[in-house]
2 protein chains.
Amino acid sequence: MSDPNDRLPPLNALRAFEAAARRLSFTQAADELNVTPGAISQQIRQLEDYAGTPLFKRTGRSVLLTDAAQASLPLVREAFERISEAGRIMQAPARKGRVMVSCAPSFAAKWLAPKLDGFHREHPDTEAWISADMGLTDFTMADADFAIRYGRGNYDGLKSEKLLDETVLPVCSPSLLEGPDAIRRPEDLRHHTLLHDESSENDPSCPDWASWLRARRVEGVDGARGPRFNQAILVIESAAAGRGVALAKQAIAAADLASGRLVAPFADGSTLIDFGYWLVWPKGRHLSPDVRDFMKWVKTEATKGEIVGV
Amino acid sequence: MSDPNDRLPPLNALRAFEAAARRLSFTQAADELNVTPGAISQQIRQLEDYAGTPLFKRTGRSVLLTDAAQASLPLVREAFERISEAGRIMQAPARKGRVMVSCAPSFAAKWLAPKLDGFHREHPDTEAWISADMGLTDFTMADADFAIRYGRGNYDGLKSEKLLDETVLPVCSPSLLEGPDAIRRPEDLRHHTLLHDESSENDPSCPDWASWLRARRVEGVDGARGPRFNQAILVIESAAAGRGVALAKQAIAAADLASGRLVAPFADGSTLIDFGYWLVWPKGRHLSPDVRDFMKWVKTEATKGEIVGV
DNA sequence: CACTCTTGTTTAGTATTGCTGATCGATCAA
DNA sequence: TTGATCGATCAGCAATACTAAACAAGAGTG
């Protein structure tokens with residue numbers, strides 16, 4: 001006898017279908033779901049039996065979606081988005097009192113982590129977990145309640161809210177302000193190592209040493225020389241160690257500037273850049289009270305910094 | 001290692017959850033899914049393990065939803081609605097050229113089925129399947145592309161469109177217009193059996209014999225006597241067989257009136273009632289071209305009837 | 001109060017489903 | 001042509017889901 005259950009497609013097969021359709025590859029889908037390609041193949045076949053029609057056009061080398069697959073895919077996706085979200089909501093009580101935020105590594109270490117104690121004092125019953133990781137993969141977001149990302153704020157499929165602007169300015173150890181090669185004017189940089197931050201390279205508005213020097217018409221200093229680092233924090237730590245002068249992000253350097261571990265040798269050195277820090281989370285995600293509290297606190301901390309900073 | 005899949009709740013367990021939550025009963029959910037209560041119990045436990053928190057409050061006798069379940073349930077439902085719809089879309093190519101309509105039994109037999117040949121002549125490549133069944137259960141709608149229902153048109157969660165109004169009028173076999181007890185005026189009904197249609201009883205606007213007689217100030221006829229039938233068609237067939245006089249629905253009687261198998265003994269006998277015939281289908285369901293063609297044809301047939309009828 | 005009915009739980013055993021690993025065939029690039 | 005890659009297939013195995021039966025815990029009844 002037919003009953004409503006027979007009408008629903010086999011659910012696990014749908015997961016294989018979604019992955020295979022997204023990747024247009026059974027092999028990659030298999031990879032994603034940690035099974036063998038054969039398993040995917042069988043699941044798809046099962047779904048095709050249910051549909052009574054092929055879902056993929058096998059062209060030997062690769063696979064393409066049929067109209068039936070194309071038409072049903074959006075609904076399948078929406079369904080899984082909801083299931084995923086439903087899963088999080090179910091788990092909410094078990095996660096109560098815990099906020100997990102995925103954060104750009106340097107920002108996490110130099111800005112967020114040091115302030116975290118303050119949050120814990122305000123909200124003693126909530127513990128915050130920081131996961132420092134680059135990029136926002138499915139994996140990361142699946143685990144974290146939200147993310148703090150460095151960029152322009154346009155992430156598709158995600159909601160975002162501006163947290164903090166970023167400015168860039170030269171910083172160095174206070175020791176470089178003394179002695180025979182003491183830095184007083186930009187021209188003095190010729191006697192010192194320039195430290196480069198590669199992490200800013202995909203922001204066209206963010207000056208590198210060459211453009212910073214050009215903008216100030218400084219002659220006789222080679223903006224290209226010096227070591228390069230792929231994370232802002234490495235540049236900062238090198239500078240603090242007296243290795244040279246870094247063109248540092250304000251948010252990352254702020255704490256060290258405040259403590260005197262770093263100094264800004266020039267009065268007019270800072271440049272506002274396009275990239276900034278953003279709170280980011282998947283559209284449609286339910287944000288628990290704990291998460292909201294944490295977001296609110298982070299935003300408050302950010303405004304504090306803006307009043308004191310630069 | 002954790003990957004995105006581990007984040008998704010177990011899909012089959014979700015189905016059990018949805019059914020159990022909807023019915024607030026494991027036993028009924030088991031029934032619906034054609035498994036034993038034990039199976040449901042285990043699936044729910046599995047989901048609770050995933051959630052890390054209970055989803056049902058077991059109060060010995062019955063079960064209640066916890067907040068976690070309450071909060072996630074709407075999303076789970078939406079997900080299944082989409083999955084169900086995706087399933088239909090996948091099957092569309094295989095169902096091409098076939099329209100399945102669920103229809104109130106009497107209307108199907110006396111109105112729809114006889115006209116069906118016309119549809120087939122207009123659309124030779126499409127075959128229409130009629131499933132005559134009462135009520136609109138999940139089962140019925142899952143199988144049918146849409147339904148034709150008798151009622152007021154307000155079905156929740158469903159879209160509907162008015163097909164046809166209904167009127168009620170006395171009808172009988174032409175043989176009753178002859179002989180010594182020939183029916184000429186309502187008062188003559190005292191010599192004949194009154195046939196009652198129980199299927200109209202839940203429409204307050206639909207007159208039964210008692211109220212029909214009262215409205216016409218007919219004395220001396222007992223509106224309560226006579227056999228009762230639970231379907232309009234049974235009343236019609238009884239009347240056609242000469243068993244008595246029925247207070248019949250126009251749409252159901254029309255064909256027999258046209259053929260002379262039945263006659264309407266009184267000129268002013270008909271009453272427009274609140275209930276009517278509606279095209280009904282689940283909100284958000286994708287209607288294929290074939291289905292749209294059929295709907296359009298049915299509506300055309302309905303207007304034809306209105307011009308000729310009453 | 002005992003009795004019974006109903007409902008959910010548990011457990012061991014079984015059936016079904018899903019997956020692997022090996023093999024094959026097809027396609028594409030060199 | 002060969003070699004590489006990808007999907008299909010099949011037998012065997014692993015994991016999952018289900019059943020049947022016994023059990024426990026209210027709720028209604030006499």
Side-chain angles (χ1 to χ4, degrees), chain A residues 1 3-66 68-69 80 83 87, chain B residues 1 3-51 53-66 68-69 76 80 83 87:
Chain A
M1 237 355 254
D3 68 357
N5 318 313
D6 294 342
R7 305 282 158 224
L8 279 187
L11 300 178
N12 292 316
L14 274 186
R15 213 177 24 184
F17 166 65
E18 194 279 332
R22 181 156 31 80
R23 302 268 171 102
L24 286 179
S25 157
F26 287 16
T27 309
Q28 287 178 44
D31 222 48
E32 176 180 322
L33 302 177
N34 295 318
V35 294
T36 57
I40 299 291
S41 181
Q42 288 174 79
Q43 292 283 25
I44 299 292
R45 186 159 49 81
Q46 191 190 334
L47 196 58
E48 288 176 326
D49 285 350
Y50 161 86
T53 186
L55 295 169
F56 291 90
K57 289 169 214 154
R58 279 81 165 171
T59 63
R61 193 64 160 179
S62 69
V63 293
L64 294 173
L65 296 177
T66 62
F80 279 117
I83 285 174
Chain B
M1 234 359 253
D3 67 359
N5 318 313
D6 295 342
R7 306 278 158 225
L8 279 186
L11 300 178
N12 292 315
L14 274 185
R15 211 176 26 185
F17 167 66
E18 195 279 331
R22 180 155 33 79
R23 301 269 170 101
L24 287 179
S25 156
F26 286 15
T27 308
Q28 286 178 45
D31 223 48
E32 175 179 322
L33 302 178
N34 295 318
V35 294
T36 56
I40 299 291
S41 182
Q42 288 175 85
Q43 292 282 26
I44 299 291
R45 187 156 50 79
Q46 190 189 336
L47 196 58
E48 289 177 326
D49 285 349
Y50 162 85
T53 186
L55 295 169
F56 291 91
K57 288 171 215 153
R58 280 79 164 172
T59 63
R61 191 63 161 184
S62 70
V63 294
L64 296 173
L65 296 176
T66 62
V76 175
F80 280 117
I83 285 175

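Naming convention: chains lettered A, B, ... in sequence-line order (proteins, then strands); numbering from 1 in each chain.
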**Prompt:** At under 4.0 Å between heavy atoms, what does T27(A) touch on the DNA or RNA strands: base, sugar-phosphate, or nothing?
**Reply:** sugar-phosphate
**Message:** What's S25(A) touching, base or sugar-phosphate or nothing? Going by heavy atoms closer than 4.0 Å.
**Reply:** sugar-phosphate
Is any side-chain heavy atom of [X] less than 4.5 Å from a side-chain heavy atom of [Y]?
| X | Y | result |
| --- | --- | --- |
| F56(B) | T66(B) | no |
| E32(B) | R22(B) | yes |
| L11(A) | F80(B) | yes |

Proximal nucleotide (of [options]) relative to the [X] side chain:
| X | options | value |
| --- | --- | --- |
| R45(A) | dT9(D), dT19(D), dG18(C) | dT9(D) |
| R58(A) | dC10(D), dG8(C), dG7(D) | dG7(D) |
| Q46(A) | dG18(C), dG7(D), dT9(C) | dG18(C) |

In this structure, how many angstroms lie between the [atom2] atom of [N] and the [atom1] atom of [X], rounded?
| X | N | atom1 | atom2 | answer |
| --- | --- | --- | --- | --- |
| L14(B) | dA17(D) | CG | P | 11 Å |
| Q28(B) | dG8(C) | CD | C1' | 13 Å |
| L11(B) | dT17(C) | CG | C1' | 14 Å |
| E32(A) | dC19(C) | CD | P | 14 Å |
| I40(A) | dG7(D) | CD1 | P | 10 Å |
| K57(B) | dG8(C) | NZ | P | 16 Å |
| F26(B) | dA24(D) | CZ | C1' | 16 Å |
| L64(A) | dT27(C) | CG | P | 14 Å |

**Spatial distance of atom CZ (F17(B)) from atom CG (L65(B)) [nearest 0.5 Å]** = 6.5 Å
**Request:** Nearest 0.5 Å please: distance from the CG atom of D31(B) over to the CD1 atom of I40(B).
**Result:** 9.5 Å
**Asked** Going by modelled atom types, is there a donor-acceptor pair between the base of dT20(C) and the side chain of Q42(A) at under 3.5 Å?
**Response** yes
Would you tell me if any nitrogen or oxygen in the side chain of [X] comes within less than 4.0 Å of OP1 or OP2 on [N]?
| X | N | value |
| --- | --- | --- |
| N12(A) | dG18(C) | yes |
| S41(B) | dT9(C) | yes |
| Q43(B) | dC18(D) | yes |
| T36(B) | dA20(D) | no |

**Message:** Pick the closest DNA chain C nucleotide for P10(A) and for T59(A) by heavy atoms, then say which residue is nearer the 5' end.
**Reply:** P10(A)
**Message:** Assuming nearest nucleotide by heavy-atom distance, tell me which of A39(B) and A13(A) is located more 5' along DNA chain C.
**Reply:** A39(B)
